[in-house]
Amino acid sequence: MTEEQIKSTLSQVKYPGFSRDIVAFGLVKEITIQDADVTVDIALQTKDPKVPETIFKECQEALGALDGIGNVQVRIDVKNPEAQAAGNAGGEAQGKSAIPGIKKIIAVASGKGGVGKSTVSSNLAVALSKTGAKVGLCDCDLYGPSTAQMFGTNQQPLANENDEIIPIEAHGIKLMSMSFLLEDNSPVIVRGPLATRYTQQFLRQVAWGDLDYLILDLPPGTGDIQLTIVQTVALDGAVIVTTPQEVALIDARKAVSMFAKVNVDILGVIENMAWFECDAGKKYHLFGDGGGVREAERLNVPLLGQIPIDMRTRECADAGTPIATVSETESSVSNAFLETAKKVAERVTR
Ligand code: ADP
C-alpha cells in the first residue's frame, strides 16, 4: 500500500454536488499507512451533516475495494463556518463575518458569463454607498477581472506594515481585484488548488478596514473557486444575476443550487438587460419577457430589481464611472440600482 495508491483511490470521491474530488479540493490532510492498515484524515467546513456522511461512506467504500487492504479508518474533522466566524470575530453577535471589521458579505453570482454580473456588482456597490454605507468590492474573477476598468483605475495597490494589501479607492468604494496585481492584461494561468489558494489569500490579506458591506463579484459558474469562497467566508447572502433568457435562467438555477448546498441564503434575483426602451418610450423585451420575475417566483425569493439595457450604462462602464454614480433623477438606471441596493440592504439585515 502506498500513499500514492491511496490518494488516487480517494480522488474517485467527489465533493457532494461538485465535479471536483476531495483530493483536488485539498481536503485530505493526512494519510497514515501501517502495513495494510490505512488511516485517512480529512478536514472540511460545512453546516450540512450530509456532506461528511457522504464523504465518509464513499471513502470507506473506495478504499475497502482495494486489493490487500487491511483496516480502514476515515476521520473527518468538520468545522462549522458560522461558529468559526463568530470565533474569529471575538465571539461577537451572530451574523458577524469571518473577515474582521466587515458587517455583511454579499456574493454576486451568475451561472454564466456576459449577463452583466460585474456591471451589477459595481453599481450595487456604488448604490449601497449612496445610502451612506461603507462599501468594498472584491473582484474574485481571476480569469477575467473587470472591476479596474469599470472603476477607471489602474493603480497598483501598496502593502501596509502587516503585509496586507491596501485596497484602491475609487468612486467612494474600496476595491480589490486580481487585475491590480497584474503588470499588463495577461491572463492569470492558475488552476485548481492554486486558484483556490490565491482566492483565499486575496480575501484575507486585504486591509479592508471597517465596512458595512463587502460585495464579492464571483467568477461566473459554479466551480471550485466559488466553492472555496462559500466554504471559507461566512457569507451573509448571495444575489443571483440573470438575463430573462431561458439559457441564462438554466445556469442561474445551478448557481442557486450551489448556494443551497452550502446553506447560503439567496437574497434574491436581479434581472439584468430586462428590456430596451426606445426614445418613443416603447419597451422591447430583447431577451424575453419576465424570465427573472418567473424565476424569482419559482425559487420563492424576491426579485430585487430589473435593470434595462441602456447604452449609457455600457458607456459609463467602459469609461470607468459606474452609472450609479450619476444622479437618479438624471438616469432611470441609476435609480433602478439605488432601489435594488435598498432591497438588498433590507434583505441582508433582516
Ligand atoms: P459579466 O460580469 O456577467 O460577464 P459584464 O458586467 O462584464 O458581464 O457585462 C458584459 C457587457 O455588457 C459589458 O460590456 C457591460 O458594459 C454590458 N452591460 C451589462 N449590463 C448592461 C445593461 N444593463 N445595459 C447595457 N449594457 C450592459
Side-chain angles (χ1 to χ4, degrees), residues 106-127 137-153 171 173 175-179 185 187-188 215-223 225-226 229 238-245 247-256 258 269-279 283-293 295 303-326 328 330-341:
I106 302 169
V108 177
S110 70
K112 74 199 281 292
V115 297
K117 178 183 48 57
S118 295
T119 307
V120 168
S121 304
S122 305
N123 284 293
L124 194 59
V126 172
L137 172 63
C138 187
D139 187 347
C140 303
D141 194 345
L142 297 185
Y143 306 106
S146 50
T147 302
Q149 198 200 339
M150 289 195 181
F151 279 80
T153 174
H171 303 295
I173 309 297
L175 300 171
M176 195 53 218
S177 167
M178 197 66 195
S179 63
N185 278 333
V188 187
I215 306 290
L216 303 182
D217 183 358
L218 295 192
T222 49
I225 294 183
Q226 292 87 340
I229 296 167
V239 169
I240 309 292
V241 180
T242 182
T243 62
Q245 226 176 342
V247 285
L249 295 171
I250 292 169
D251 286 340
R253 274 168 224 155
K254 288 188 199 151
V256 168
M258 174 186 80
V269 170
I270 299 179
E271 188 186 65
N272 189 33
M273 310 194 190
W275 59 76
F276 172 76
E277 192 172 328
C278 73
D279 289 344
K283 282 184 185 175
Y284 294 88
H285 292 92
L286 302 180
F287 293 122
D289 189 1
V293 181
E295 198 55 28
L303 181 74
L304 298 163
Q306 286 179 295
I307 313 295
I309 298 180
D310 171 51
M311 200 154 87
R312 195 168 167 199
T313 300
R314 201 268 310 144
E315 284 168 353
C316 279
D318 287 349
T321 0
I323 187 77
T325 58
V326 171
E328 307 82 71
E330 215 191 292
S331 158
S332 60
V333 175
S334 175
N335 190 47
F337 274 119
L338 185 62
E339 292 308 315
T340 304

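Atoms within a ligand are numbered from 1 in the order they appear, just like the ligands themselves. In this chain, numbering begins with 1 at the start of the sequence shown.
In terms of protein heavy-atom proximity, atom 24 (N) of ligand 1 is closest to Asp310 N, 3.0 Å. Looking only at protein heavy atoms, the nearest one to atom 4 (O) of ligand 1 is Gly114 N, 2.8 Å. Shortest contact from atom 17 (C) of ligand 1 to any protein heavy atom: Arg314 CG, 4.0 Å. The protein heavy-atom contact nearest to atom 6 (O) of ligand 1 is Thr119 OG1, 2.5 Å. Residue, atom and distance of the protein heavy atom nearest to atom 12 (O) of ligand 1 are Met273 CE, 3.8 Å. Scanning the protein for heavy atoms near atom 2 (O) of ligand 1, the closest one is Ser118 N, 2.8 Å. Here the heavy atom of the protein found nearest to atom 8 (O) of ligand 1 is Gly116 N, 3.1 Å.
Ring planes of His285 and Trp275: perpendicular class, angle over 60° (limits at 30 and 60°).
A 4.5 Å side-chain heavy-atom check between Cys140 and Pro219 finds at least one atom pair inside the cut-off. Side-chain contact check for Lys112 versus Lys254: every heavy-atom pair is 4.5 Å or farther apart. Using a 4.5 Å heavy-atom cutoff, the side chains of Glu328 and Ser334 are in contact. Residues Met150 and Ser122 are in side-chain contact: their nearest non-hydrogen atoms beyond the backbone lie under 4.5 Å apart.
Annotation for Phe337 and Ala127: closest pair O-CB, 3.6 Å, computed over non-hydrogen atoms. Nearest heavy atom pair, residue Pro244 against residue Asn272, reads CD-O, 3.5 Å. Shortest non-hydrogen contact noted between Lys117 and Val108 is CD-O, 3.6 Å.
For the atom pair OG (Ser146) and CG (Asp217), the distance works out to 6.0 Å, reported to the nearest 0.5 Å.
Using a 4.0 angstrom heavy-atom cutoff, Ser146 does not count as in contact with ligand 1.
In this structure, of Asp318, Asn272, Thr242, the residue bringing a heavy atom nearest to atom 20 (N) of ligand 1 is Asn272.
Each of the following atoms of ligand 1 lies closer than 4.0 Å to a heavy atom of Pro308: 22 (C), 23 (N), 24 (N). Under a 4.0 Å criterion applied to the non-hydrogen atoms of Met150, ligand 1 contributes the atoms 6 (O), 7 (O). Below 4.0 Å from some heavy atom of Lys117 lie the following atoms of ligand 1, by number and element: 1 (P), 2 (O), 3 (O), 6 (O), 8 (O).
The shortest N or O to N or O distance between Gly113 and ligand 1 is not below 3.5 Å.
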